[in-house]
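Report on one structure; see the data block that follows.
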Amino acid sequence: MSDLRARLRALPTFADDLPVFDPATAPDDPYALFGQWLDDAIASRERQPNAMTVSTMDTAGGIASRTLIIKDVDERGFQFSSARSSRK
(Lines give C-alpha, C1' and ligand atoms only; values in the text may rest on other atoms or scores of the structure.)
Protein backbone atom coordinates (compact mmCIF):
# COMPACT_ATOMS: atom_id res chain seq x y z
CA MET A 1 0.00 0.00 0.00
CA SER A 2 2.86 2.41 0.60
CA ASP A 3 3.47 2.59 -3.17
CA LEU A 4 -0.13 3.71 -3.73
CA ARG A 5 0.14 6.20 -0.90
CA ALA A 6 3.32 7.69 -2.37
CA ARG A 7 1.76 7.96 -5.84
CA LEU A 8 -1.40 9.57 -4.45
CA ARG A 9 0.55 12.04 -2.35
CA ALA A 10 2.72 12.99 -5.33
CA LEU A 11 -0.30 14.24 -7.24
CA PRO A 12 -0.73 18.02 -7.12
CA THR A 13 -3.78 19.27 -5.25
CA PHE A 14 -4.66 21.41 -8.23
CA ALA A 15 -2.59 21.15 -11.38
CA ASP A 16 -2.97 24.86 -12.15
CA ASP A 17 -3.87 27.96 -10.24
CA LEU A 18 -7.59 28.18 -9.64
CA PRO A 19 -9.38 31.01 -11.42
CA VAL A 20 -10.24 34.05 -9.34
CA PHE A 21 -13.92 34.95 -9.11
CA ASP A 22 -14.56 38.68 -8.93
CA PRO A 23 -18.29 39.37 -8.38
CA ALA A 24 -17.78 42.94 -9.58
CA THR A 25 -16.92 41.71 -13.07
CA ALA A 26 -19.51 38.93 -13.24
CA PRO A 27 -22.48 39.43 -15.55
CA ASP A 28 -25.74 40.42 -13.88
CA ASP A 29 -27.47 37.46 -15.53
CA PRO A 30 -26.60 34.23 -13.66
CA TYR A 31 -27.36 32.21 -16.81
CA ALA A 32 -24.71 34.19 -18.70
CA LEU A 33 -22.23 33.47 -15.91
CA PHE A 34 -23.09 29.77 -16.01
CA GLY A 35 -22.61 29.87 -19.81
CA GLN A 36 -19.14 31.37 -19.37
CA TRP A 37 -18.21 28.72 -16.81
CA LEU A 38 -19.53 25.94 -19.03
CA ASP A 39 -17.61 27.29 -22.05
CA ASP A 40 -14.44 27.46 -19.94
CA ALA A 41 -14.93 23.87 -18.73
CA ILE A 42 -15.53 22.62 -22.28
CA ALA A 43 -12.49 24.52 -23.59
CA SER A 44 -10.29 23.01 -20.87
CA ARG A 45 -11.50 19.55 -21.92
CA GLU A 46 -13.09 18.73 -18.57
CA ARG A 47 -14.81 15.37 -18.65
CA GLN A 48 -18.56 15.73 -18.18
CA PRO A 49 -18.61 19.51 -17.62
CA ASN A 50 -22.39 19.27 -17.28
CA ALA A 51 -22.24 16.91 -14.28
CA MET A 52 -22.47 17.83 -10.62
CA THR A 53 -23.08 16.18 -7.29
CA VAL A 54 -25.99 17.40 -5.18
CA SER A 55 -26.20 16.48 -1.51
CA THR A 56 -29.13 16.89 0.85
CA MET A 57 -29.50 16.28 4.56
CA ASP A 58 -32.59 14.96 6.34
CA THR A 59 -33.80 16.10 9.76
CA ALA A 60 -31.81 13.33 11.46
CA GLY A 61 -28.58 14.54 9.86
CA GLY A 62 -28.39 11.75 7.28
CA ILE A 63 -26.79 12.84 4.02
CA ALA A 64 -27.75 11.59 0.57
CA SER A 65 -25.80 12.50 -2.57
CA ARG A 66 -26.52 11.95 -6.22
CA THR A 67 -24.87 12.89 -9.49
CA LEU A 68 -26.95 14.94 -11.89
CA ILE A 69 -26.46 16.04 -15.48
CA ILE A 70 -27.67 19.48 -16.60
CA LYS A 71 -29.76 18.85 -19.70
CA ASP A 72 -31.11 22.35 -20.43
CA VAL A 73 -31.25 25.91 -19.11
CA ASP A 74 -34.11 28.24 -19.97
CA GLU A 75 -36.29 30.94 -18.41
CA ARG A 76 -37.68 28.35 -15.97
CA GLY A 77 -34.21 27.49 -14.66
CA PHE A 78 -31.92 24.49 -14.86
CA GLN A 79 -33.28 21.10 -15.92
CA PHE A 80 -31.46 18.06 -14.61
CA SER A 81 -31.41 14.37 -15.32
CA SER A 82 -30.11 11.46 -13.29
CA ALA A 83 -29.89 7.72 -13.62
CA ARG A 84 -33.27 6.03 -13.78
CA SER A 85 -32.39 4.05 -10.64
CA SER A 86 -31.32 7.15 -8.69
CA ARG A 87 -33.31 8.35 -5.69
CA LYS A 88 -35.19 11.50 -6.57
Side-chain angles (χ1 to χ4, degrees):
M1 281 298 197
S2 62
D3 179 51
L4 286 175
R5 178 185 171 115
R7 290 185 358 225
L8 288 167
R9 297 211 173 224
L11 295 171
T13 304
F14 291 101
D16 299 313
D17 289 335
L18 294 174
V20 175
F21 177 66
D22 181 1
T25 63
D28 291 333
D29 177 6
Y31 297 114
L33 180 59
F34 173 77
Q36 288 176 1
W37 287 347
L38 180 62
D39 289 342
D40 289 347
I42 292 168
S44 70
R45 302 181 56 87
E46 288 293 329
R47 294 178 66 195
Q48 297 302 137
N50 58 334
M52 66 179 177
T53 301
V54 175
S55 298
T56 55
M57 183 170 66
D58 62 26
T59 56
I63 297 173
S65 299
R66 55 217 155 274
T67 301
L68 303 174
I69 301 292
I70 299 173
K71 300 300 279 184
D72 196 8
V73 180
D74 63 20
E75 66 281 349
R76 296 173 293 163
F78 293 82
Q79 283 100 55
F80 302 97
S81 178
S82 64
R84 189 171 287 151
S85 61
S86 171
R87 287 181 28 190
K88 307 298 185 251

*Find out if a path of hydrophobic residues (ILVMFWY) with successive side-chain heavy-atom gaps under 4.5 Å connects L68 to V73.*
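Yes.
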*Going hydrophobic residue to hydrophobic residue with side-chain gaps under 4.5 angstrom, can you get from I42 over to F34?*
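I42 clusters together with F34.
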*asked:* Could you walk me through whether F80 and V54 satisfy the side-chain contact (heavy atoms from CB on, under 4.5 Å) test, starting with their C-alpha distance in whole Å, then the side-chain angles of each, then the deciding distance to 0.1 Å, before giving a yes or no?
replied: CA-CA 11 Å; F80 302 97; V54 175; 5.9 Å; no
*Less than 4.5 Å apart, any side-chain heavy atom of S82 and any of R66?*
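Counting from C-beta outward, S82 and R66 never come under 4.5 Å.
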*Provide the full list of side chain to side chain donor-acceptor pair (under 3.5 Å) pairs with a residue in residues 36-53, sequence neighbours left out, each pair given once.*
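Checked against side chain to side chain donor-acceptor pair (under 3.5 Å) - neighbours excluded - the pairs reaching residues 36-53 are Q48-N50.
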*Rounded to the nearest 0.5 Å, how far does CG of L33 lie from CG of L38?*
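Answer for the CG-CG pair, L38 versus L33, is 11.5 Å.
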*Taking only residues at least two apart or on different chains, which pairs with a member in residues 55-75 satisfy ring pair (Phe, Tyr, Trp, His ring centres under 6.0 Å)?*
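Checked against ring pair (Phe, Tyr, Trp, His ring centres under 6.0 Å) - neighbours excluded - no pair reaches residues 55-75.
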*Name the orientation class of the two ring planes belonging to F78 and Y31 (parallel below 30°, tilted from 30 to 60°, perpendicular beyond 60°).*
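Correct class here is tilted.
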